[in-house]
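Chain letters run A, B, ... following the sequence lines, proteins first, then strands; residues in each count from 1.
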2 protein chains.
Amino acid sequence: MAVSRTEQILNSAEQQCRKQGVRMTPQRKQVMSLMLEQGGPQTAYQLLDQFKARYQSNAQPPTMYRALDFLVQQGLAHRLSSTNQYLACDHITCQHGHRGTVFLLCDQCGGVQETPMAGAAVDELQQTLDEVGFVIQREPLLEVHGRCVDCAAS
Amino acid sequence: MAVSRTEQILNSAEQQCRKQGVRMTPQRKQVMSLMLEQGGPQTAYQLLDQFKARYQSNAQPPTMYRALDFLVQQGLAHRLSSTNQYLACDHITCQHGHRGTVFLLCDQCGGVQETPMAGAAVDELQQTLDEVGFVIQREPLLEVHGRCVDCAAS
DNA sequence: CCTTGTTTTGTTATGTTATAACATTACCCA
DNA sequence: TGGGTAATGTTATAACATAACAAAACAAGG
């Protein structure tokens with residue numbers, strides 16, 4: 001293919017940022033690129049090591065955390081708080097604004113599967129929120145731990 | 001009232017442990033008691049400070065983390081991974097085995113509201129899991145961030 | 001009882017994750 | 001082209017969590 005999937009997503013991310021009036025700087029792009037190439041979830045320090053190896057050998061933790069915060073803010077990445085990991089969003093190129101995301105985290109192989117939260121669940125949640133007057137500030141992320149189909153078999 | 005709510009819950013917790021064939025030691029009970037009295041979510045180190053002040057001045061982090069791990073394992077407490085906090089389970093005394101719990105976390109006042117995950121949401125989630133063959137290992141916890149009704153008003 | 005295996009607790013040290021604070025540089029735009 | 005804002009660099013440290021091993025408490029059969 002002429003344009004790799006990583007490039008496609010990076011371009012799409014850049015457009016989204018322009019639309020939001022925020023800056024996708026080279027540094028942020030490099031971090032996102034690392035996330036996309038690895039594919040799976042990674043800790044900030046793992047990403048920092050790669051970033052140092054590849055782009056800037058003297059980089060410090062705040063550099064990575066700032067980039068990650070930015071990407072998460074923009075919805076370009078997710079933070080998995082139950083494992084302290086970060087992950088490029090799987091659905092950047094699709095249109096639907098997410099109203100909820102489910103992550104299936106395999107405790108054996110460390111893999112993650114990302115799926116949109118189903119409609120009824122989102123509606124029910126919204127109803128609960130309305131009942132108690134709770135105003136949401138971030139897209140809800142549900143982190144479900146267990147075994148993926150491959151690991152469950154073995 | 002003759003018996004405080006805290007005592008009620010502690011007794012109920014003790015019974016549950018006996019049924020499971022695990023030991024609710026004095027130390028574990030003390031930690032749970034601290035969680036119940038505070039009411040809101042607290043970090044392990046906050047609880048450790050209280051534990052030292054109240055029960056054992058030389059206690060170290062592993063002591064607290066062990067007790068917390070035990071209580072979470074037994075379903076007597078929850079860990080809020082998005083805020084690194086721990087919280088006594090609100091529904092110990094009610095019967096229904098939870099199949100999912102939603103936490104509404106107010107980012108302004110730090111309060112938490114705990115509600116069972118609604119039925120359809122749980123069913124939908126189970127369906128998703130079945131589709132991909134994912135086998136769950138812990139009760140799913142959904143941590144939703146925002147503003148509670150009081151803080152949203154102000 | 002006593003002794004033996006298991007669970008719990010004590011203790012020291014250290015690993016891992018994340019941010020505060022302030023200096024410097026790059027960028028935007030009037 | 002200067003002045004404000006956003007981003008990055010840099011140092012230090014805060015906050016969260018666990019490894020590893022020693023000692024004590026417990027429970028259960030002989």
- Note on the structure: Winner on side-chain proximity to A/T43, out of C/dT17, C/dT9, D/dA19, is C/dT17
- Query: Taking only N and O in the side chain of B/Y65, is any of them less than 4.0 Å away from OP1 or OP2 of D/dA15?
  - Reply: no
- Query: For the pair made of CD in B/Q73 and C1' in C/dT8, what is the distance, rounded to whole Å?
  - Reply: 15 Å
- Message: Which nucleotide wins on minimum distance to the side chain of B/R66, given the candidates D/dG9, C/dT19, C/dG10?
- Response: C/dG10
- Distance below 4.0 Å between A/N84 side-chain N/O and C/dT16 OP1 or OP2: no
- Is the phosphate of D/dG9, meaning OP1 or OP2, less than 4.0 Å from a side-chain N or O of A/N58? no
- Quick one: is B/R28 getting a side-chain N or O under 4.0 Å of the C/dT8 phosphate, OP1 or OP2? yes
- How close or far is atom P of D/dA17 from atom CG of B/L48, stated in whole angstroms? 12 Å
- Answer with yes or no whether the side chains of B/E37 and B/Q50 bring together a donor and an acceptor at under 3.5 Å. no
- Message: Nearest whole Å is fine: how far is D/dT8 P from A/Y55 OH?
- Response: 15 Å
- Could you tell me the separation between the CD atom of A/Q42 and the P atom of C/dT16, rounded to a whole number of Å? 16 Å
- Say whether B/N11 and B/Q15, considering side chains only, have a donor N or O and an acceptor N or O under 3.5 Å apart. no
- Note on the structure: Here the distance between atom C1' of C/dT17 and atom CG of A/L47, to the nearest Å, is 13 Å
- Query: If you check the A/T25 side chain, which of D/dG9, D/dA19, D/dT8 turns out closest?
  - Reply: D/dT8
- Message: Would you say CD of B/Q73 has more than 12 non-hydrogen atoms from neighbouring residues, nucleotides or ligands within 6.0 angstrom?
- Response: no
- Note on the structure: By nearest-nucleotide position on DNA chain C, the 5'-leaning member of B/P62 and B/R23 is B/R23
- Taking atom types as they are modelled, is there a donor-acceptor pair under 3.5 Å from the base of C/dA18 to the side chain of A/Y45? yes
- Task: Round to the nearest Å and state the distance from B/M64 atom CE to D/dA17 atom C1'.
- Result: 13 Å
- Message: So, does B/Q85 get its side chain near the phosphate of D/dC16, meaning an N or O under 4.0 Å from OP1 or OP2?
- Response: no
- Message: From NZ of B/K29 over to P of C/dT9, roughly how many Å is that when rounded to an integer?
- Response: 13 Å
- Message: Can you see if the side chain of A/Q60 gets near the phosphate of D/dT10 - specifically, an N or O under 4.0 Å from OP1 or OP2?
- Response: no
- Do we see a donor-acceptor contact under 3.5 Å between the side chains of B/Q85 and B/T43? no
- Message: Tell me the interatomic distance from A/Q27, atom CD, to C/dC27, atom C1', rounded to whole angstroms.
- Response: 15 Å
- Message: Please tell me whether B/S81 and A/S81 have a donor and an acceptor in their side chains that are separated by less than 3.5 angstrom.
- Response: yes
- Verify ring-ring contact (aromatic ring centres under 6.0 Å, His included) between B/F103 and B/H78, making sure each step is shown before the conclusion. CA-CA 10 Å; B/F103 297 94; B/H78 298 294; 5.1 Å; yes
- Task: Check whether any side-chain nitrogen or oxygen of B/Q56 sits under 4.0 Å from OP1 or OP2 of C/dG10, and answer yes or no.
- Result: yes
- Query: More 5' along DNA chain C: B/F70 or A/R79, using each one's nearest nucleotide?
  - Reply: B/F70
